[in-house]
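Working notes, structure below.
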Amino acid sequence: MEVIKEIEKIRHLVEKKRAEGAKIGLVPTMGAIHEGHVSLIKLACEMTDYVVVSVFVNPTQFGPGEDFKKYPRNPEKDMRTIDSAGAHCIFSPEISEMYPGEYSTYITVEELTKGLCGRSRPEHFRGVTTVVTKLFNIVDPHIAVFGQKDAQQLAVIRKMVDDLNMTVKIVTGSIVRAQDGLALSSRNMYLSGEERKQATVLYRSLCMASEMAASGVTEPEEILGKVREVITGQDAAKIDYIEIVDKDRMTPVTKISDSSLLAVAVWFGKTRLIDNIILNGKNG
Ligand code: AMP
C-alpha cells in the first residue's frame, strides 16, 4: 500500500491506474480508524479496483472551541488498519498542501445545512463540502463511500454532487456499532467509563422509536416525546437535538413514512455524539 502526501503525486498515480482500466474508489476519513471506517473501505474494495483512503483532519469543518487540536491522531496504527482492510493507497496531505496561505474558495450547500448539526455547528458543512470537493477533484474517483452514521453529511454531499453535476457515484455504508449498540466513532474515546455506559441509551432509544413506528405510530411528536424521556433519564445526557426529518431534505416531517429519519445529537459530558435510524425503512 502506498502512502502519499502530495496532491501532484496522488493525481499522477490515480491517472495511471485509471488509464490501465482500473475503477477508482475513494473513502474520505479524518483518521482514528475504527471498524466503521473499515467497513466502508471493504465496501469500496468490493466495488472498485483501486481504493484510496484519505486521512485528513480537516480544520475548516471545526468551529472555534471545537476539538480540532485534540482530535485523535494515530497515523501508524491507521496505516496498518487501512492496509489490512484492503485499501491500495492512503492520501494524507499536510494542511498547507490542502489550504495554502492564499486559500479563499468554499462550497456551500444552502437549505440542507441549516438544521440539525448545522444549527449548533454553523460552519461545519461548508468545511465538509469544501474538502470533499477538493478530494473529488484531486482523486477523481468513480465512486466515493460515506457512512450513514453522518446522515446529514451524506444528504448534503448527495445534494452537492447532484447540484454541481459531479460524476462521482456516492455509495452509503451502514452504521457499525459496538456490541452494546453504541455507534462507533473516533470521539467515543473522549468518554469517561460512566459516560460510555450512559451513551448506550442512544441506540436503545432509536430501537424503541423504530418499534413504535413499526407498530403503527405515525405521529412524530409521540415518538419524539418518548425518545426525549428515555434519553433524559441518563443524568450525563444533555440533548442538542432530537428530530424526525425527511432523510433527503432534512426537514421535519408531519407524519412518519419509510423515508423518515430519527436523528439525535446528545452531549455526554464534553463529548457530543450523533446517531440516527430510518424509521419503517431500510437502514444502510
Ligand atoms: P470521520 O473519520 O469521522 O470523518 O468519518 C469518515 C467516514 O466514516 C464518514 O463517511 C462517516 O460517516 C463514516 N463513519 C463514521 N463512523 C461510522 C460507523 N460507526 N459506521 C459506519 N461508518 C462510519
Side-chain angles (χ1 to χ4, degrees), residues 25-47 51-63 66-68 70-75 77-79 81-82 85 87 90-93 98 116-117 121 124-136 139 141 143-161 168-191 196 199-200 202-203 206 247 250 261 263-265 271-278 283-284:
L26 171 68
V27 184
T29 81
M30 296 207 298
I33 298 297
H34 52 64
E35 284 304 309
H37 300 118
V38 166
S39 73
L40 305 186
I41 297 168
K42 289 187 170 159
L43 189 56
C45 289
E46 279 167 26
M47 299 180 73
V51 173
V52 177
V53 177
S54 61
V55 175
F56 181 60
V57 185
N58 174 36
T60 64
Q61 70 188 71
F62 290 80
E66 289 188 353
D67 56 344
F68 174 67
K70 71 164 188 175
Y71 197 83
R73 291 163 173 89
N74 199 338
K77 183 160 172 268
D78 284 353
M79 193 168 73
T81 316
I82 292 170
I90 293 180
F91 176 51
S92 56
M98 293 295 271
L116 304 175
C117 290
R121 306 185 72 192
H124 172 66
F125 289 112
R126 170 188 186 257
V128 170
T129 41
T130 298
V131 80
V132 167
T133 300
K134 286 172 71 68
L135 291 169
F136 287 173
V139 176
I143 73 154
V145 186
F146 292 88
Q148 174 64 29
K149 161 82 175 11
D150 298 85
Q152 188 176 16
Q153 167 174 287
L154 183 64
V156 167
I157 288 167
R158 283 191 183 283
K159 183 78 178 126
M160 172 183 82
V161 165
V168 61
K169 182 172 181 283
I170 304 301
V171 173
T172 308
S174 39
I175 303 176
V176 176
R177 299 178 178 282
Q179 273 199 338
D180 60 9
L182 182 67
L184 298 188
S185 162
S186 309
R187 289 187 168 102
N188 289 352
M189 62 180 78
Y190 300 153
L191 298 167
R196 171 69 186 74
T200 58
L202 296 184
Y203 188 55
L206 297 183
K247 71 177 173 56
M250 294 288 138
L261 178 91
V264 302
T271 308
R272 182 178 171 279
L273 300 181
I274 58 171
D275 203 345
N276 67 83
I277 195 162
I278 296 171
N283 279 282

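Read the numbers this way: they start at 1 and go in the same order the structure lists the ligands and their atoms.
- Atom 3 (O) of ligand 1 has as its closest protein heavy atom Tyr71 OH, 3.9 Å.
- Remark: Lys134 fails to qualify as a cation-pi partner of Phe56 under the 6.0 Å distance and 45° angle criteria applied to the six-membered ring.
- In terms of protein heavy atoms, atom 10 (O) of ligand 1 is closest to Gly147 N, 2.8 Å.
- Residue contacts with ligand 1: Pro28 is included, with a non-hydrogen atom under 4.0 Å away.
- Ser39 pairs in a side chain to side chain contact (heavy atoms under 4.5 Å, CB included) with only one of the listed residues (Val145, Val176, Val27, Ile175), which is Val176.
- Only the side chain of Leu40 comes within 4.0 Å of ligand 1, counting heavy atoms alone; its backbone N, CA, C and O stay farther away.
- Contacts with ligand 1 closer than 4.0 Å are made by side-chain heavy atoms of His37 only, the backbone lying farther away.
- Side chain of Gln152 to backbone of Cys117: a donor-acceptor contact under 3.5 angstrom is found.
- The Leu184 neighbourhood of ligand 1 comprises atoms 16 (N), 17 (C), 18 (C), 19 (N), with distances under 4.0 Å to a heavy atom of that residue.
- We find the NZ-CZ distance between Lys169 and Arg158 to be 8.0 Å, quoted to the nearest 0.5 Å.
- Of the protein's non-hydrogen atoms, the one nearest atom 20 (N) of ligand 1 is Val176 N, 2.9 Å.
- Against a heavy-atom cut-off of under 4.0 Å, Thr29 is close to the following atoms of ligand 1: 2 (O), 6 (C).
- Atoms of ligand 1 found under 4.0 Å from any heavy atom of Phe146 (numbered from 1 in listed order, with element): 10 (O).
- Just one of Asn276, Val128, Val156, Ile274 meets the side chain to side chain contact (heavy atoms under 4.5 Å, CB included) condition when paired with Asp150; it is Ile274.
- With sequence neighbours excluded, the residues that form a side-chain contact (heavy atoms from CB on, under 4.5 Å) with Ser185 are Lys149, Arg187, Asn188.
- Among protein heavy atoms, the minimum distance from atom 23 (C) of ligand 1 is reached at Lys149 CB, 3.9 Å.
- Of all the heavy atoms of Ser174, the ones lying under 4.0 Å from any atom of ligand 1 belong exclusively to the backbone.
- Under the rule for a side-chain hydrogen bond (donor to acceptor under 3.5 Å, both in side chains), the partners of Arg177 that lie at least two apart in sequence or sit in another chain are Asp275.
- For Gln148, the closest heavy-atom approach to ligand 1 does not fall below 4.0 Å.
- When all heavy atoms are compared, the tightest approach of Phe62 to Phe68 is CD2-N, 3.3 Å.
- Near Asp150, meaning under 4.0 Å from any of its heavy atoms, are these atoms of ligand 1: 11 (C), 12 (O).
- Separation of atoms CE (Met30) and CD (Gln61) is listed at 4.5 Å; rounding is to 0.5 Å.
- If you check which protein heavy atom lies closest to atom 4 (O) of ligand 1, you get Met30 CG, 3.6 Å.
- Salt-bridge formation is not detected for the pair Arg272/Asp67: no Lys NZ or Arg NE/NH1/NH2 atom is positioned less than 4.0 Å from an Asp or Glu carboxylate oxygen.
- Contacts with ligand 1 closer than 4.0 Å are made by side-chain heavy atoms of His34 only, the backbone lying farther away.
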